[in-house]
Every structure is written in C-alpha cells, then in structure tokens.
Asker: 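Sharing a structure below in structure tokens format, with a few things to ask.
Within every chain, numbering begins at 1; the chains are lettered A, B, ... in the order of the sequence lines, protein sequences first and strands thereafter.
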2 protein chains.
Amino acid sequence: MSNLSISEENYLKAIFHLYKHGEGIGTNAIARHLDTKPASVTEMLKKLADKKLLTYEKYQGVVPTRKGFTLALGVIRKHRLWEYFLVEKLKLKWDEVHEIAEQLEHIQSDLLVEQLDAYLGFPKLDPHGDPIPDKDGKMCAMNCCCVSEIKPNSNARIFGVKNHTSAFLKHLEKLNLTIGKTFTLVNRNDFDQSVELVLNKQTMHISKEVAENILVEKLK
Amino acid sequence: MSNLSISEENYLKAIFHLYKHGEGIGTNAIARHLDTKPASVTEMLKKLADKKLLTYEKYQGVVPTRKGFTLALGVIRKHRLWEYFLVEKLKLKWDEVHEIAEQLEHIQSDLLVEQLDAYLGFPKLDPHGDPIPDKDGKMCAMNCCCVSEIKPNSNARIFGVKNHTSAFLKHLEKLNLTIGKTFTLVNRNDFDQSVELVLNKQTMHISKEVAENILVEKLK
DNA sequence: ATATTTTTTTAGGTGCGACTAAATTATATT
DNA sequence: AATATAATTTAGTCGCACCTAAAAAAATAT
Ligand SMILES: [Mn+2]
Ligand SMILES: [Mn+2]
Ligand SMILES: [Mn+2]
Ligand SMILES: [Mn+2]
C-alpha cells in the first residue's frame, strides 16, 4: 500500500484544500498554507510526482491525481472523525480539538478508522460543520456560503466555520455565534465591510474578517 | 516542557522496561529491544544524557534519572489507556491493539490523556493485564509470576501476558488461555520444560516458550 | 598474565525534510 | 519590445536518526 510520511500527508492535504477545479496550485500558496518555504515545497512536489500523487511540470503549478486526491480524503476523514470523537465523547471544546486532530490524522490503521466511524455512529459533519468523507471518500454536498456573501435583510443559520484556530473559535463563542444559531443580517457597512446582525433580538456588529470565516445556510 | 521526539520516547520506554534496580542497562540490550544497531544507541544515549533523562558514562551502561523515569511512565500510561480504549470501546481484539497503541502513545496533549482516562473510568489494567499508571505515575502493585515458575499441583488464574505480539496472543486464544481463566498445573517435563495443565477438565500441553510468557496469580 | 571474545564507541556516510542565497523563468508594466 | 517584479527552481547546508566498518575497552578464558 501507499505508505506516506507525515510530511507527505500534510502536503497532500494542503494541495487538496487549495485545489480549485482546473487551476494548478502554486508553490508559494502551498508554502504559505504549510508555513514552510517555497524551496522546500518544490522538492516535495518532485517526490510526490514521482509517486504519481500529483502531476508536476516546472513553473506550471501542480494538480493532484485521482490517487493523490483519494489519499488526501483519507487523511481528512481521519482528522474530522477524531475531532468528532474528541468533542462528542471526550467532551473537549470545539476550539481544543484541531491541534490534536492534526496529530491523530496520521495514525495508520484502516481497522481503527472503520471501528471509530462505527462507534461514533457514522457522523456526517465534524464539530466545525465540515463534512466527513465516508469509507469511499464520499461526503454530503453542502449548500452554504460566507456571511460576507449574503444580502441585507436575509435570515441565516450558522452552519460552520472556515478558520479552525482556537483564537477565532473562542471569539465566536464569546459572541454567541455557534453552530445552529440563526440571525438576521440587517446591514453591511460599505466603509469597512463590517456587518450588523440581529441574534436573539440583540443587535451586534462583526468585522469583515469574522464575516468571511462564518459559513451559513440561507433561510426562507 | 520536555518536548521529546518519537524516537527519544521509544528509547526512554525501552530503557524503562529493561531497567532492573541497580544494574546499568547495556547498549546491546537496548539495540535488541528497539530492533536497531548498537552504534545508533550510543548516539541517542548521549543526547538523552544531555537532556538529563539518564546518566551515561562510556562503557558503563545507562540508568534513567527521575525525570527520564517519569517521562517513560507517561508514554506507557498513554499506550495502555489507548489499548484499553481500543478493546473496550472500539471492540478490537486484544491481539490487534498493540501496534496501533505504539503510534497513539506519542500523541501529545495532556488534556486529551486526562479526558480519555476519565472517559474510560480510570481503568487500572490494560487488555494484557499490565497496570496503567495514573496521572502521577502510580500504578497498582502486582503479585504474579510466569507459568514457568509455578510448582506442579498448584492452581492458578491467568493474569496477563509478557509478549504482546499478535502471533502469540492469537495462539493463546486458540488454546483458550485468556485472562481470567483458571487451571491446575499438573506436571513439568524435565526434558524440554514443557508444561501439562488442566483447564475445564481438559488436559493440555504448552511449550516452555508459551509458559514463560503467561503471567498468573497463584490460587489458595 | 596473556590471549581471545564480546561489548561499546568512533568515524564516516545516507536519506529525509527543512533552510538560505542565488539563479532562472514567468508575468506585469511601461 | 524591453524592463521590472514576482514566482519558482537550483545549489549548497543542516539536524535528526539511522547505517557499516573499524577501533577501543571490558569481560572471559586459557
Ligand atoms: Mn480541524
Ligand atoms: Mn474540523
Ligand atoms: Mn502493548
Ligand atoms: Mn498492553
């Protein structure tokens, strides 16, 4: 089987997350995402290309192959299952699990993953609203967008987050903006793209940065 | 805090397991235990000595310090808690968990370990009968010995195993020699040190190798 | 006490995954 | 089209954890 190092798995995951249909992914983008240097990325891309996990041509950016895609999904599946476990079973908070899942996602054992999935009752979403790929890499399609994309005078329910850092999640908690909450977006300020919304009859303001990282489903 | 690499943790664990009060542990013994070469061990011992995790003098063998001891116990605690989790919650078999726990024992998060311990109900023994150190490194004293050490005509209850390999555990399963079972040792053959015992009124023979790896508590 | 064997260390090297600095190619600007 | 800027690759190093072969020390046998 494909036995990948932790570094190789992290590169595949980054490439998966950066991939937009059609476009090749740049060395710089990968370096930024992994907090490493472009020179290191170039070397790794050559190695992953040798293993047929992506197609690489000098200066042309990179595109994952079917195989690379599948392996990335396997890592993401583990990440999200472990996050679900940590929150639902071990009672950690949603801002405490990402770092730990970054470690657990590299544990190698198909048996473990399948038993964990069954034990958790085959969950479809992780604690941040991200879909959990099943055994075959399939995951539920999502119909959601950022708060920064919805129009004034619309109702929305919080579906998930785009940023997984503890700092951001704690901030949301403090604002009472957690998954499942519904609100009305009343206004967007042209000046700084900040947003005014009403939650539980209380008016509140959130910055553009926060609005861009909250995912919602539009209501009615 | 002490941030150790996976290799460093494995060396500390090996040294802990090989340690017999007073005696220094030889480079060869550690190499054999970790399936590596003596030259590699020497290098690592110097590094661990620099970190004050053991005392090392050329050619004199090695003794763990208080700190090295404590860190090793932390890794062993995690290993055994995860094994317990895998058997009791995920329903893996006792011969399927050791290899996975070898990976899980290196996950770094104090919060995770304490929550896992609580979730499992603070278990005292792992699936192989080994004691699980608590938060402070304390573990229940054990009063057991190998089958190869008990006298003919004595009754005993199986308490645990010394060998954790899948091959050995599956063999025991087949012989119905699992934890909690009681038997009478009726004879030991001088020729090959094999042992004759009665379990559920059935007489059976086990080799010296098997007898050396089964731990029992003597009854009455 | 000397010679042999075993254990341990040293010396020198490898692959991996990172780095910096410099060179090269691609893209944008004028 | 020539030039400036940005992205990417190459070249050369480094630390870690391993290796083999050879040297040195300790333990054992004669
Ligand atoms: Mn996450
Ligand atoms: Mn998540
Ligand atoms: Mn084990
Ligand atoms: Mn065990």
Asker: Distance check needed: D:dC19 P versus B:Met44 CE, whole Å only.
Answerer: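 That distance rounds to 11 Å.
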Asker: Tell me the closest heavy-atom pair linking A:Val87 and A:Pro127, and the distance in Å.
Answerer: CG2-CG, 3.6 Å
Asker: Do the rings of A:Phe16 and A:Phe69 sit parallel, tilted or perpendicular, given the 30° and 60° boundaries?
Answerer: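 Tilted, since the angle between the ring planes falls between 30° and 60°.
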Asker: Examine the side chains of A:His164 and A:Asp130 and answer whether a donor and an acceptor come within less than 3.5 Å of each other.
Answerer: yes
Asker: Which whole-number value in Å describes the distance from B:Asp50 CG to D:dC16 P?
Answerer: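 Nearest whole value for this atom pair: 11 Å.
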Asker: For DNA chain C, whose closest nucleotide is more 5', that of A:Ser5 or that of A:Tyr59?
Answerer: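 The 5'-side residue here is A:Ser5.
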Asker: Using a cut-off of under 3.5 Å, enumerate the N/O to N/O pairs linking the protein to nucleotides 10-15 of chain C.
Answerer:
residue, atom, partner, partner atom, Å
C:dT10, OP1, B:Lys58, NZ, 2.5
C:dT10, OP2, B:Lys46, NZ, 2.6

Asker: Please give me every residue in residues 14-37 of chain A whose heavy atoms get under 4.0 Å of an atom in DNA chain D, ordered by residue number.
Answerer: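 Close to the strand are A:Gly26, A:Thr27, A:Asn28.
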Asker: Report the residue (B:Ile6 or A:Gly61) whose heavy-atom-nearest nucleotide on DNA chain D is the more 5′ of the two.
Answerer: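 In this pair, the answer is A:Gly61.
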Asker: Are side-chain N/O atoms of B:His106 and B:Asn10 paired as donor and acceptor at under 3.5 Å?
Answerer: yes
Asker: With sequence neighbours left out, which residue pairs that include part of residues 25-38 of chain A fulfil the side chain to side chain donor-acceptor pair (under 3.5 Å) condition?
Answerer: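 Matches after skipping sequence neighbours: none remain.
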Asker: Within this structure, what is the CG-to-P distance between B:Leu45 and C:dT9, rounded to whole angstrom?
Answerer: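 Going from B:Leu45 (CG) to C:dT9 (P), I get 7 Å.
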Asker: Can you check whether A:Ile150's main-chain N or O pairs, donor with acceptor, with A:Arg188's side chain at less than 3.5 Å?
Answerer: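 Checked: pair present.
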Asker: Please check the phosphate of D:dC18 (OP1 and OP2 only) for any side-chain N or O of B:Ser7 closer than 4.0 Å.
Answerer: yes
Asker: Is the backbone of B:Ile107 close enough, under 3.5 Å, to the side chain of B:Lys78 for a donor and an acceptor to pair up by distance?
Answerer: yes
Asker: Tell me: NZ of A:Lys51 to P of C:dC16, nearest whole Å?
Answerer: 8 Å
Asker: B:Tyr119 ring centre to B:Lys89 NZ or CZ under 6.0 Å, with the angle to the axis within 45°?
Answerer: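 B:Lys89 over B:Tyr119 ring: yes.
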Asker: For A:Arg80 and A:Pro131, indicate whether the former's side chain and the latter's backbone hold a donor-acceptor pair under 3.5 Å.
Answerer: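 Yes: the side chain of A:Arg80 pairs with the backbone of A:Pro131.
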Asker: Hey, does the side chain of A:Tyr11 come within less than 4.0 Å of C:dA18's phosphate (OP1/OP2), counting only N and O?
Answerer: yes
